[in-house]
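Please read these numbers as outputs of a predicted model, since none were measured by experiment. Numbers restart at 1 for each chain; the letters A, B, ... are given by sequence-line order, proteins then strands.
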Number of protein chains: 2
Amino acid sequence: MARRSDHTREELTRMALDAAHAITADEGLRGLRARQIARDIGYTIGTLYNLFEDFDDLILHMNGETLDALYRTCSEVELKGDPTEDLEALADRYLEFTRGHQQQWSAVFEHTLPRGRAVPDWYSEKVAKLMELEARALAPLFPGGNPDRIAHHARVLWTSLFGMALVESAERLPEGETARSLVRSLIGTYVAGLKDNRKGEL
Amino acid sequence: MARRSDHTREELTRMALDAAHAITADEGLRGLRARQIARDIGYTIGTLYNLFEDFDDLILHMNGETLDALYRTCSEVELKGDPTEDLEALADRYLEFTRGHQQQWSAVFEHTLPRGRAVPDWYSEKVAKLMELEARALAPLFPGGNPDRIAHHARVLWTSLFGMALVESAERLPEGETARSLVRSLIGTYVAGLKDNRKGEL
DNA sequence: AAATATATTGAACATTGTTCAATTAAATGT
DNA sequence: ACATTTAATTGAACAATGTTCAATATATTT
């Protein structure tokens, strides 16, 4: 059989990625199988390979959507102009998302491409965009400061936040400690340090 | 054929893990195959399964050794008593190791166990031991301070360092930025922040 | 209505981790 | 010295994986 107008190519891709997210959400990336996705959307495996280059390509698209979703929810945070407050609000959103989508979040860094195959540009851009969010919240600390320095400190905080979320999701934090408690100390102390540095400059 | 006294069980395990490290080092965890390990040590796949419960067990042991090696090289760092200097020395060692063993380091967090299978205790302990190293360097900042607070701040720095190493190894840092430059800012600023907080307490 | 184009299928393939009865060599007993 | 027991080693066999592609069935176009 061949059904032509059941679903457009775009609809099929959407269905496949939805199925992939669902499977990943409750079985983890390890439990994701091409045949299972096909079965879930009512098509065969051949059709799946008509939509994606290969399994890695499918996973990249799925993980790309996870990054998009994280970006979307973080960019909704309204910045008040107070760096500490704004950074905390951003971090809280970030952690809220990674907790609510643990398996999908884990999939983002569990997946690797085979040797010699580069991460596509459209994917790298999604990662880069996430880091820019942090810079906006930090900016007030550097009135008239050069953007490179702001970006640098934004990367410090962002990569740290990333590490905390990761360690928490791997359940490697002792009782009573959470990514949130770590982030609170990080932001509070780091912002204090930045202000202190600035005093030294004057 | 069955050779009994060619190698002891311990020797075989050692050979198998060495082979696994070597393959992982130049092909990544993705390229690690049970049959390849067996071939490399001159035995068949059946023997490999006599040494390890299954492939996950083999990977856990390999990654455990990577954690051990990281711990060993970091614990060699001589602490001078100056927190900033000591933390930087520790971080440098850490990053030196993760750069020199990128693939093996990546393998540590790329690997996950199937759903429902818990990380063994002996493995979790290796992770926990690593975090204690940081606490020793931080201690001078909290004369007579309670150990829990020191441990907390050690975790902040350690998880941050972890995130930076990870982002660097995933090659997601822009030109000119390195994990080392990020760590320098983190430690310098964070320690300044801690001193500032202390002033507020007096 | 015939011809063309293409979405869809599913059998087939190489490779994977895993199992286990058969085999062979060492250790032990007589 | 030989027979018996023990266990390390083998490799064929299995189910499941990602991947391919000629055959097929349905739209679309002529």
*Nearest whole angstrom, please: distance from the C1' of C/dA7 to the CD1 of A/I41.*
13 Å

*Does one side chain, of A/H153 or B/S185, offer a donor that lies under 3.5 Å from an acceptor on the other?*
no

*Taking atom C1' of D/dA25 as reference, at what distance in whole Å does atom CG of A/D6 sit?*
13 Å

*asked:* Looking only at side-chain N and O atoms, does B/H61 offer a donor or acceptor that is under 3.5 Å from a partner on B/D57?
replied: yes

*B/R93, B/R184, B/K80, B/R180 screened by salt bridge (charged side-chain N to carboxylate O under 4.0 Å, His left out) with B/E88, the one that passes*: B/R184

*Among the nucleotides D/dG18, D/dG11, C/dT8, which one has an atom lying closest to any side-chain atom of A/T47?*
C/dT8

*OG1/A/T159 to CG/B/L182 distance, rounded to the nearest 0.5 angstrom?*
5.0 Å

*From the options D/dT19, C/dG10, C/dA7, select the nucleotide whose nearest atom is closest to the side chain of A/N50.*
C/dA7

*With a non-hydrogen cut-off below 4.0 angstrom, is B/F55 in contact with a base, only sugar-phosphate, or nothing?*
sugar-phosphate

*asked:* Quick check on DNA chain D: between A/R39 and A/G46, whose nearest nucleotide comes earlier from the 5' end?
replied: A/R39

_Rounded distance in Å - OH (B/Y43) to P (C/dA25)_ = 13 Å

*asked:* Without decimals, in angstroms, what is the distance between A/R30 CZ and C/dG17 C1'?
replied: 10 Å

*Take the protein atom CD1 of A/I37 and the nucleotide atom C1' of D/dG18, then report the distance between them rounded to whole Å.*
12 Å

*Quick one: which of D/dG11, C/dT8, D/dT20 gets closest to the side chain of A/I45?*
D/dT20

_Minimum-distance nucleotide (side-chain atoms of A/L12 versus C/dT8, C/dT19, C/dT9)_ = C/dT8

*Run through A/T44, A/I45, A/L48 and flag the one making a side chain to side chain contact (heavy atoms under 4.5 Å, CB included) with A/R35.*
A/I45

*Separation of A/D57 atom CG from D/dG18 atom P, in whole Å?*
14 Å

_Go nucleotide by nucleotide along DNA chain C from the 5' end; which of A/R35 and A/L51 gets its closest nucleotide reached first?_
A/L51

*Which part of the nucleic acid does A/L32 contact within heavy-atom distance under 4.0 Å: base, sugar-phosphate only, or nothing?*
sugar-phosphate

*asked:* Expressed as a whole number of angstroms, how long is the span from B/Y49:OH to D/dG11:C1'?
replied: 14 Å

*Atom-to-atom span, CZ of B/R33 to P of D/dG18 - whole angstrom*: 13 Å

